[in-house]
Number of protein chains: 2
Amino acid sequence: MNPDQPLPRKSRSSNIDRRTRLPVAQDVARLAGVSIATVSRALNEPEKVRPATREAVMKAAAELGFVLNSAARALSTRRSSTVGVIVPSYGNEVFVRALSSFQRTMRAANYQVLAASSEYDLATEMQEVSFLLQRSVDGLMLVGGIHDPDLYTRAERSQVPIIQSFSLSDRHYCVGFDNREATFRAANYLLDLGHKRVAVVTGTRENNDRAGPRAEGVRLAMAERGLELIPAHDLTVSSGIVAGRDAFGQLMGGPEEQRPTAIICGTDEIALGIMSEASERGVDIPRSLSVIGFNDSSFSAVLSPPLTTIRVDADEIGKISALALLNLMNDRTMVQMTRITPELVLRGTVAPPAKL
Amino acid sequence: MNPDQPLPRKSRSSNIDRRTRLPVAQDVARLAGVSIATVSRALNEPEKVRPATREAVMKAAAELGFVLNSAARALSTRRSSTVGVIVPSYGNEVFVRALSSFQRTMRAANYQVLAASSEYDLATEMQEVSFLLQRSVDGLMLVGGIHDPDLYTRAERSQVPIIQSFSLSDRHYCVGFDNREATFRAANYLLDLGHKRVAVVTGTRENNDRAGPRAEGVRLAMAERGLELIPAHDLTVSSGIVAGRDAFGQLMGGPEEQRPTAIICGTDEIALGIMSEASERGVDIPRSLSVIGFNDSSFSAVLSPPLTTIRVDADEIGKISALALLNLMNDRTMVQMTRITPELVLRGTVAPPAKL
DNA sequence: ACATGAGTTGAAAGCGTTTACATAGACAAC
DNA sequence: GTTGTCTATGTAAACGCTTTCAACTCATGT
């Protein structure tokens, strides 16, 4: 337009060089009449500077609207005050709840959390972990104990502690519960009521140490009573509500004397799918079919009938995991395993078998 | 133990000084026989270095297991490759969905996302934003257009672009929809069926530009037909399923001729609560009461009866918001407003009023 | 032969903190 | 008065990158 007008000096970065550069510690130091080191101390270790000095610094900082540059801080201290979390999926309410309380706890300790989902895929998870390590997170929370073997190596190399959640392990720090025992107890409850044909349907068991053991628990309980969990009654489906609907079809398709009289589900979503399909096909729950879910999702209590389910305190898992990780990151001693106890919540979807 | 043994030199940071220090660019440079500048270029702008050199660098980097230190990078470039998102709550599936697709899109562009929830509180939101700005996020996604006035000032000061979602604005970049129009259409659908007493129940409307307009839309549709949305039929509740149950009690408590024949809900969770309570009290949906939800949550289609609801494509909102923000952060031109169209999904919870 | 210029590379100056170390006072003990 | 101990502050060197600028290498055109 106007070639006479001198172009603004190109700044170093591609961003516009604003006259209003953000204030840095040096500016605060100048205004407060102290050195930059004192500014840093006043902000990070207030007890180490004389009250009068401290206040001068605080005042100057407030006046300028100064905020510490966290990248510089991270570079200097070699800690990012950031932790990473990888959950299998955001579609499962229980993970979101755990994530949420994990985050709340971390936030209170002045940590930021970077979250990602693996979509139940080990390679994706590894990729996300790489990304997180590159961001030099100070700690990592993972779900379950099955991961890319490289993951542990890499994390250790970067000295990033890992906390495992939702399952137990004797080789890693963990906050979780015994998945097998949970369904074992649920199955026993059904067997006590007289059920003989109990089915189990879970999400994918590949690289998953929650779903597999849940099926195991049922098998075990039945075995103890001389019953067999027949293959047709042991289903692996993709997770989610629609998967539950499909499962119903597969389980209840055969002749009546082969159909299960009760189903234990790996998630409440699957249970909901089964209930929905049952209602559509006119199968009465619980009179003709008992159903037990897992997780006690928010909707479970208000279904009709309300869903009997295995409740897991996800908030607790998230919170304790966070506290544990905080300990680990600060080289404090730390119990290796925290065991959460799932609780069988009796509601309206279980009854004795019809033919009893 | 052994006082003769010299103590290991105390390292600068409190961490243990590992013999296995992580490799830095300098190490790669040395191994590849090039300068550190070339390493940086090979990694960031491969096309600017001769193929042979590039490969030498890559090989050396791989051999050492080198990863860029993102804090150093951020400090140097003044960009963190991190964006922040604040949603009102993780308890609302629709926000989680949007967040998830936002994240996926950002991730593909090599950005990390820091997420937080405001719990529908402006002060909390502002606090989180402060925290995010301190982390020097490059961009911000917020839900709705009502925020602490400081928020915009501070963001602008840091030159952090903001994208608003789930509602529209002519003052800010936004990806959302017309909340009033959405319920307006839903209300008209009910009115066309002959309903005269339509109620509306939403979550908190304070500092919320989604819930308020949703109620507005109903009022407007009724007004156009000479009907009045009476105060007793216009409810604000805390969000969630239990809130829905309460709402049912309040709305259906009065004498029959004052009860609404249809209810439009601000979320599917509220609708679920209402349905649950209705079923418990023996009120037949849809014959005695029609219900319309909002968001089309995953469980809505499998309720019995399946919930008629206003579907909002949260994945789309998340994805487009991310793309928009990416444009903004790269000083690219950008449409100011992207309008998503909600869709009324007809299912089983609406029927003509009983007394027609 | 020489200037021109495009394409590569290296040296070095940041980026904004933290922190080891030095220094300077103040005060007590001798 | 000297010495030593403390405490509060300042100096300056990292931290590990990116990027400007200059230098250098080869073609290429004249």
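A, B, ... follow the sequence lines: proteins, then strands. Residue 1 opens every chain.
- Of the listed nucleotides (D:dC17, C:dT19, C:dT17), D:dC17 has the atom at the smallest distance from the side chain of B:Val24.
- Below the 3.5 angstrom threshold, one finds a donor paired with an acceptor across the side chain of B:Ser76 and the base of C:dG14.
- Put simply, CZ on B:Arg79 is 10 Å from P on D:dT19, counting in whole angstrom units.
- Using a cut-off of 4.0 Å between Lys/Arg side-chain N and Asp/Glu carboxylate O, A:Glu47 and A:Arg54 are scored as not salt-bridged.
- Remark: B:Lys59 pairs with no residue by the salt bridge (charged side-chain N to carboxylate O under 4.0 Å, His left out) rule, at least two apart or across chains.
- Within residues 32-49 of chain B, the residues having any heavy atom closer than 4.0 Å to DNA chain C are, in order of number, B:Val34, B:Ser35, B:Ala37, B:Thr38, B:Arg41, B:Val49.
- Between the C1' atom of C:dG16 and the CG atom of A:Leu64 lies a distance of 15 Å, rounded to the nearest Å.
- Here B:Thr53 lies in heavy-atom contact (under 4.0 Å) with sugar-phosphate atoms only.
- Here B:Asp148 does not pair with B:Arg154 in a salt bridge; the nearest charged N to carboxylate O distance is not below 4.0 Å.
- The two atoms that bring B:Val57 and B:Val28 nearest to each other are O-CG1, 3.8 Å, heavy atoms only.
- Considering only side-chain N and O atoms, A:Arg73 lies under 4.0 angstrom from the phosphate OP1 or OP2 of C:dT18.
- What separates CG of B:Leu22 from C1' of D:dC15 is a distance of 13 Å, to the nearest Å.
- Side-chain contact check for B:Arg135 and B:Ser80: no donor-acceptor pair (N or O, by modelled atom type) lies under 3.5 Å.
- When the C1' atom of D:dT18 is taken as reference, atom CD of B:Gln26 falls 14 Å away, rounded to whole Å.
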Can you check side-chain hydrogen bond (donor to acceptor under 3.5 Å, both in side chains) on B:Glu125 and B:Tyr120, steps first, answer last?
-> CA-CA 8 Å; B:Glu125 185 184 54; B:Tyr120 291 98; over 6 Å; no
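- Comparing C:dC15, D:dA8, D:dC15 by their nearest atom to the side chain of A:Arg78 picks out D:dC15.
- As rounded to whole Å, 8 Å separates atom C1' of C:dT17 from atom CG of B:Leu75.
- If you measure from atom CZ of B:Arg30 to atom P of C:dG10, you get 14 Å, rounded to the nearest angstrom.
- For A:Arg54 and D:dA8, the shortest distance from a side-chain N or O to OP1 or OP2 is not below 4.0 Å.
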Show every donor-acceptor pair shorter than 3.5 Å between a side-chain atom in residues 316-330 of chain B and any protein atom, with sequence neighbours excluded, or say none if there are none.
from: B:Ser321; atom 1: OG; to: B:Ile317; atom 2: O; distance (Å): 2.6
from: B:Asn327; atom 1: OD1; to: B:Arg332; atom 2: NH1; distance (Å): 2.4
from: B:Asn330; atom 1: ND2; to: B:Leu326; atom 2: O; distance (Å): 2.7

